[in-house]
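These notes concern the structure reproduced below.
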Protein chains: 2
Amino acid sequence: MKCLAFILLLVLTVPVSAQKVPGISGGRVVDLTYAFDASTVYWPTAEGFKLETDFEGVTDKGYFYSAYRYSAAEHGGTHLDSPVHFAKGKHTVDEIPLDQLIGPAVVVDVTKQCENNPDYQVSITDLQSWEKTNGKIATGTIVLLRTGFGKFYPDRKKYLGTDERGADAVPKLHFPGLDPEAARWLTENRSIKAIGLDTASIDRGQSTLFESHRILFDKNIPAFENVANLDQLPAKGFSVIALPMKIKGGSGGPLRIVAILNR
Amino acid sequence: MKCLAFILLLVLTVPVSAQKVPGISGGRVVDLTYAFDASTVYWPTAEGFKLETDFEGVTDKGYFYSAYRYSAAEHGGTHLDSPVHFAKGKHTVDEIPLDQLIGPAVVVDVTKQCENNPDYQVSITDLQSWEKTNGKIATGTIVLLRTGFGKFYPDRKKYLGTDERGADAVPKLHFPGLDPEAARWLTENRSIKAIGLDTASIDRGQSTLFESHRILFDKNIPAFENVANLDQLPAKGFSVIALPMKIKGGSGGPLRIVAILNR
């Protein structure tokens, strides 16, 4: 019955806009993606995003033309971590079934817990507490964790804990993530499609062994990182469409992720 | 009534899979995207896609890790042309409203017309003939042109007309596109969200002035190029979700485009 209710909500929301289709009142699409530019947040050791100009201006034939080249590390800005990023033989970014990237989604809000603790790890208790209010996390759900750190983006010092670069900066990273025990609880007790959050990594900044990555990715559950605008989403009752750049053999890549809200 | 019927079809298709949600029979998601790799088709003058390894193997901490860097010109593979690519001051790729990238779609099949004519231009007559069978192209439609050239991808010689590179190869390009007169007819008589096709450019290979680009882009109508798997779509009754990489100020970029079919 819950599934049916969700579907019926979608009738009024996807993919029709109120403006364009007379007589149908549509839902709002929320972009959960940061734009890629020189300020895009990358890991301290990674190469940032670059856009170089091939041409920009009026051609000798008299018309305007602009074209650029882009380059970056896979894991920066709003991006997807493929299971193969930390789990040998698991899905590369082009191999993730589209069905895992489109589906009903929920937001687990741990803003308060993170407010004075940039090293906070989202716990089993946080997930269970969400379920007490909102019902069990259904099979096929996309889980989004809202730590509140999105409000700092792209201020690296506040968002990452350090604005330094290079290997020496890595121990200075402080931002919340998912507790490996909670990652294990999700893989063993729930059947989610994917997980995402509003920090730079599904493991907290102080992680050294990236256990949550490894636990989730071993089960082919991808992660969305540096997800934007989670403060614009309700706890449940909306859907997520998360389409990564289809890089053959990629361990991840730029992600365009949107939510379709109930009106 | 047609809108309502379309919405009702979607009830059964978006975004729920038959497998994952018991009791609900869902629609099929079709990936209309080619993967990016060394064989990805680019314009003869453009730099191709490169994936470089940052790390791949077992770290000194004992777990597997892989990460890469990517680089390419914006306009290759399955990608989006932003209006600013040919129209000064019009939308950059990050500025295109999401509503224009999600919506009901149609396929205009001109496979037969292109079979023995790689210089074919999709005409007003082709569009009107589609409408005679299927009804008027509704406001807010995403129009996909199927020339049949998708079957040649990524064989550059067959797909582009030449596998040579550099400026001297450009006059040797032979593949179908949209007649500028048909582009004008669409902008003046219909109100479409976006247009796409299964060749490398919305103007045919033999175009020198790129009029269809300029006519469409001047009206802020983006184009999807090198779209895959159009042979798997019906003439109408499905939706398209086309999410480009959000490059700040980009004249285009990698596009992940999918169709949601009626079951």
Side-chain angles (χ1 to χ4, degrees), chain A residues 3-4 7-8 10-11 14-17 20-21 23-24 29 31 33-37 47 51 54 61 63-75 78 84-88 94 98-99 102-103 139-140 208-210 214 239 241 243-251 253-254 256 258, chain B residues 3-4 7-8 10-11 14-17 20-21 23-24 29 31 33-37 47 51 54 61 63-75 78 84-88 94 98-99 102-103 139-140 208-210 214 239 241 243-251 253-254 256 258:
Chain A
C3 291
L4 191 60
I7 302 309
L8 289 174
L10 279 175
V11 180
V14 177
V16 179
S17 72
K20 296 288 177 65
V21 186
I24 301 290
V29 182
D31 198 346
T33 318
Y34 296 116
F36 283 88
D37 62 18
E47 218 164 313
L51 194 66
D54 270 345
K61 285 176 182 158
Y63 56 82
F64 179 83
Y65 178 75
S66 67
Y68 311 90
R69 276 166 290 132
Y70 58 87
S71 64
E74 287 172 333
H75 300 275
T78 303
V84 79
H85 186 36
F86 277 93
K88 191 175 180 174
D94 54 312
L98 284 172
D99 182 65
I102 302 174
T139 292
T208 53
L209 294 172
F210 302 98
R214 290 153 63 192
S239 61
I241 303 166
L243 299 184
M245 180 177 172
K246 195 173 179 178
I247 298 173
K248 182 89 173 174
S251 76
R256 191 67 181 267
V258 304
Chain B
C3 290
L4 190 59
I7 301 308
L8 288 174
L10 279 175
V11 180
V14 177
V16 178
S17 71
K20 295 288 176 66
V21 186
I24 301 290
V29 182
D31 198 348
T33 319
Y34 297 116
F36 282 88
D37 63 18
E47 219 164 312
L51 194 67
D54 269 343
K61 286 176 182 158
Y63 56 82
F64 179 84
Y65 179 75
S66 66
Y68 311 90
R69 275 166 291 131
Y70 58 86
S71 63
E74 289 172 331
H75 300 275
T78 303
V84 78
H85 187 35
F86 277 93
K88 191 174 181 175
D94 55 310
L98 284 171
D99 182 66
I102 301 175
T139 291
T208 53
L209 294 172
F210 303 98
R214 291 155 59 191
S239 60
I241 303 166
L243 299 184
M245 180 176 171
K246 194 173 179 178
I247 299 173
K248 181 87 173 174
S251 77
R256 191 68 181 268
V258 304

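Naming convention: chains lettered A, B, ... in sequence-line order (proteins, then strands); numbering from 1 in each chain. The shown structure was predicted, so the numbers you read here are calculated from the model rather than taken from an experiment.
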Residue [X] versus chain B: region with a heavy atom under 4.5 Å:
{"X": "L209(A)", "value": "both"}
{"X": "F210(A)", "value": "side chain"}
{"X": "L98(A)", "value": "side chain"}
{"X": "A67(A)", "value": "both"}
{"X": "T208(A)", "value": "both"}

**Heavy-atom contact with chain A under 4.5 Å, split by part of A72(B)** =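 Interface part for A72(B): both.
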**Message:** Quick check: closest heavy atoms across K246(B) and D31(A), and the distance to 0.1 Å?
**Reply:**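 What the structure gives for the nearest pair is NZ-OD2, 3.0 Å.
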Under a 4.5 Å cutoff for heavy-atom pairs, which residue among [options] has the most contacts with chain B?
{"options": "E74(A), R69(A), K248(A), H75(A)", "answer": "E74(A)"}
{"options": "E47(A), R256(A), K61(A)", "answer": "R256(A)"}
{"options": "D37(A), T78(A), I247(A), L51(A)", "answer": "I247(A)"}
{"options": "M245(A), H85(A), R214(A), K88(A)", "answer": "H85(A)"}

**Asked** Is the F86(A)-Y65(B) ring centre distance short of 6.0 angstrom?
**Response**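 Centroid separation for F86(A) and Y65(B): below 6.0 Å.
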**Asked** Most heavy-atom pairs under 4.5 angstrom with chain A, which of F36(B), Y63(B), Y70(B)?
**Response**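 Winner by heavy-atom pair count: Y70(B).
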**Asked** Highest number of heavy-atom pairs under 4.5 Å with chain A: which of D94(B), D54(B), V258(B)?
**Response**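 Of the candidates given, the most pairs with chain A belong to V258(B).
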**Message:** Test your reading of the model: is there a side-chain donor-acceptor pair from S66(B) to the backbone of S251(A), 3.5 Å cut-off?
**Reply:**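 No; zero donor-acceptor contacts below 3.5 Å.
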